[in-house]
Amino acid sequence: MEELVMINGAISKPSEAKISVFDRGFLYGDATYEVVRSYSGKLFAVEPHIDRLFLSAERISMKLPYTKKQYLDRMQEFYQKAPFDDAYLRIQISRGEGPITLDPYAPTTVNEVMYLRPLKPHPREYFERGVPVVIAGVLRNSKKAMDPDIKSGNYLNNVLAYKFAAEKKAHEAIMENSEGFITEATTSNVFCVVNGELWTSPDDSDILRGITRNIVITLAQGLDIPLKKKNFTRQDLKNADEAFLTSSTREVMPIASVNGDVLKSSPGPVTRRLQQAYYDYVKNA
Ligand SMILES: Cc1ncc(COP(=O)(O)O)c(C=O)c1O
């Protein structure tokens, strides 16, 4: 079996999996989700993903019917139905279905959809030589609007940003905010290395605080790599010695060029050390 879907606890084939057209995830993106991957038959960092799921739900005032432990068990049980060594597992919880109205109190129960498939690995050369990225022409949402730190089902901002990458045959698109600072990419966080210092956007900036970003920050601290959480611009990024993206599926993925400008020495020694430290961390998790 290649793919599986589970809707509110009932397993179905992807081709037969159906959800109401009145579901608010479908109507408004009124949903939250997480993507977890597995390594060698074991879900990786699933607890912090569930913590973030709860944080996102709380911030959009969506009441979840189960405890964190129950979600953990549900995800583990679903994963056991098809424990591909390297799996992609997505859980999406929408506010549910009801009459068409923005009123968040209209639906009575949430809808939960889980989706599982083998993880398609990125080509090795992405990790060895790095990937091209572009700066998107659309800005990242402000924290004061649809807070990017909520992993909601509303990804239209990122979809529009990704269009720039797709058109330029780049791997990812990086978004700036209205102040001209780099925030994050469409589904990954951004780091750069300047004179041996590792920079990433502040925790309270217009970003989703990625689980992989958190792990990399901890690893950098353990390796005594000087780390600054600071705002930086596209010029800083282009002038950086090295830069990389992080996400659950990309791990630590070097950036080779930004808008066609090749970075000085990316991937370089700091990226390499963090890639190795990340692989070691995964092995021991
Ligand atoms: C907007 C955004 N930023 C960052 C990330 C990286 O998060 P994580 O490391 O938790 O996978 C994601 C992941 O999908 C994302 O959607």
Side-chain angles (χ1 to χ4, degrees), residues 25 29 31-39 43-57 59-60 71 75 86-93 115 117 119-122 126-127 131 133-136 138-143 145-165 171-177 181-192 200-220 229 243-255 274-275 277-279 281-282 285:
T32 173
Y33 82 99
E34 283 295 326
V35 170
V36 180
R37 63 156 297 171
S38 73
Y39 290 96
L43 291 177
F44 175 70
V46 59
E47 285 92 351
H49 281 281
I50 293 174
D51 287 344
R52 189 169 65 187
L53 185 75
F54 272 68
L55 199 64
S56 297
R59 288 171 169 179
I60 59 171
Y71 277 108
M75 290 169 77
D86 291 343
Y88 169 104
L89 171 60
R90 188 182 202 273
I91 177 168
Q92 166 155 330
I93 303 174
Y115 168 68
R117 65 164 161 79
L119 189 89
K120 197 166 150 253
H122 291 289
Y126 285 17
F127 298 97
V131 292
V133 303
V134 291
I135 309 278
V138 291
L139 300 181
R140 188 67 176 118
N141 290 335
S142 157
K143 247 188 136 46
M146 176 60 230
D147 185 350
D149 200 37
I150 299 169
K151 199 165 168 67
S152 85
N154 187 331
Y155 256 51
L156 200 46
N157 181 218
N158 308 38
V159 169
L160 294 179
Y162 189 78
K163 190 168 166 277
F164 287 82
H171 174 75
E172 253 285 35
I174 292 176
M175 292 168 280
E176 293 165 317
N177 64 12
F181 293 123
I182 295 292
T183 61
E184 61 181 339
T186 65
T187 52
S188 51
N189 291 110
V190 181
F191 287 78
C192 64
T200 194
S201 310
D203 288 351
D204 62 356
S205 61
D206 303 323
I207 61 166
L208 177 78
R209 288 169 300 158
I211 308 298
T212 320
R213 172 181 177 273
N214 287 344
I215 295 171
V216 166
I217 287 171
T218 308
L219 294 174
K229 290 182 185 172
F244 58 87
L245 303 168
T246 61
S247 79
S248 301
T249 55
R250 289 185 184 84
E251 304 163 322
V252 176
M253 186 178 284
I255 295 174
L274 287 167
Q275 275 182 319
Y278 192 80
Y279 295 138
Y281 180 88
V282 164

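Just so it is clear, the structure is predicted and the values come from calculations on it, not from any experiment. Every number for a ligand or one of its atoms is a count from 1 in the order of the listing.
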**Student:** If you count the atoms of ligand 1 from 1 in the order shown, which ones are under 4.0 Å from a heavy atom of Glu184?
**Tutor:** 1 (C), 2 (C), 3 (N), 4 (C)
**Student:** Of Tyr88, Tyr278, Tyr279, Phe44, which is the lone residue that meets ring pair (Phe, Tyr, Trp, His ring centres under 6.0 Å) with Tyr39?
**Tutor:** Phe44
**Student:** Show me which atoms of ligand 1 lie under 4.0 Å from any heavy atom of Thr186.
**Tutor:**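 What qualifies from ligand 1 is 1 (C), 2 (C), 16 (O).
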**Student:** For Arg140 and Asn157, test the side chains for any donor-to-acceptor distance below 3.5 angstrom and give the result as yes or no.
**Tutor:**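 A pair is found: one side chain offers a donor N or O, the other an acceptor, under 3.5 Å apart.
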**Student:** Would you say Lys151 has any N or O atom under 3.5 Å from an N or O of ligand 1, going by distance alone?
**Tutor:** yes
**Student:** Starting from atom 16 (O) of ligand 1, what is the nearest protein heavy atom, named by residue and atom, and what distance separates them?
**Tutor:** Tyr155 OH, 2.5 Å
**Student:** Would you say ligand 1 has an N or O under 3.5 Å from any N or O of Arg52?
**Tutor:** yes
**Student:** With heavy atoms only and a cut-off of under 4.0 Å, state how Ser188 meets ligand 1: side chain, backbone, both or neither.
**Tutor:**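 Looking at Ser188 and ligand 1, just backbone atoms fall under 4.0 Å.
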**Student:** Check this for me: Lys163, atom NZ, are more than 12 non-hydrogen atoms of other residues, nucleotides or ligands nearer than 6.0 Å?
**Tutor:** no
**Student:** I'd like to know if the side chain of Thr187 pairs up with that of Arg250 as donor and acceptor (distance under 3.5 Å, no hydrogens or angles considered).
**Tutor:** yes
**Student:** In terms of atom number and element, which parts of ligand 1 are under 4.0 angstrom from non-hydrogen atoms of Asn158?
**Tutor:** 1 (C)
**Student:** Quick one: nearest non-hydrogen protein atom to atom 10 (O) of ligand 1, plus distance?
**Tutor:**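 For atom 10 (O) of ligand 1, the nearest protein heavy atom comes out as Ile211 N, 2.8 Å.
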**Student:** Measure the CG-OH distance between Leu53 and Tyr33 for me, rounded to the nearest 0.5 Å.
**Tutor:**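 OH of Tyr33 is found 11.5 Å from CG of Leu53.
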**Student:** Is Arg140 in polar range of ligand 1, meaning some N or O pair under 3.5 Å apart?
**Tutor:**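 By distance alone, the answer is no.
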**Student:** Is the shortest N/O to N/O distance between Ser248 and ligand 1 below 3.5 Å?
**Tutor:** yes
**Student:** Is there at least one pair of N or O atoms, one from Thr212 and one from ligand 1, spaced under 3.5 Å apart?
**Tutor:**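 There is such a contact, yes.
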**Student:** At a 4.0 Å threshold, what atoms of ligand 1 neighbour a non-hydrogen atom of Gly210?
**Tutor:** 7 (O), 8 (P), 9 (O), 10 (O)
**Student:** Counting heavy atoms not belonging to Tyr281, are there more than 12 under 6.0 Å from its OH?
**Tutor:**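 Count not over threshold, so no.
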**Student:** Can you tell me if Glu172 and Thr186 form a side-chain donor-acceptor pair at under 3.5 Å?
**Tutor:**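 On atom types as modelled, these side chains qualify, holding a pair under 3.5 Å.
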**Student:** Can you name the nearest heavy-atom pair linking Lys151 to Thr32, along with the distance?
**Tutor:**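 Scanning both residues, the minimum pair turns out to be O-OG1, 3.0 Å.
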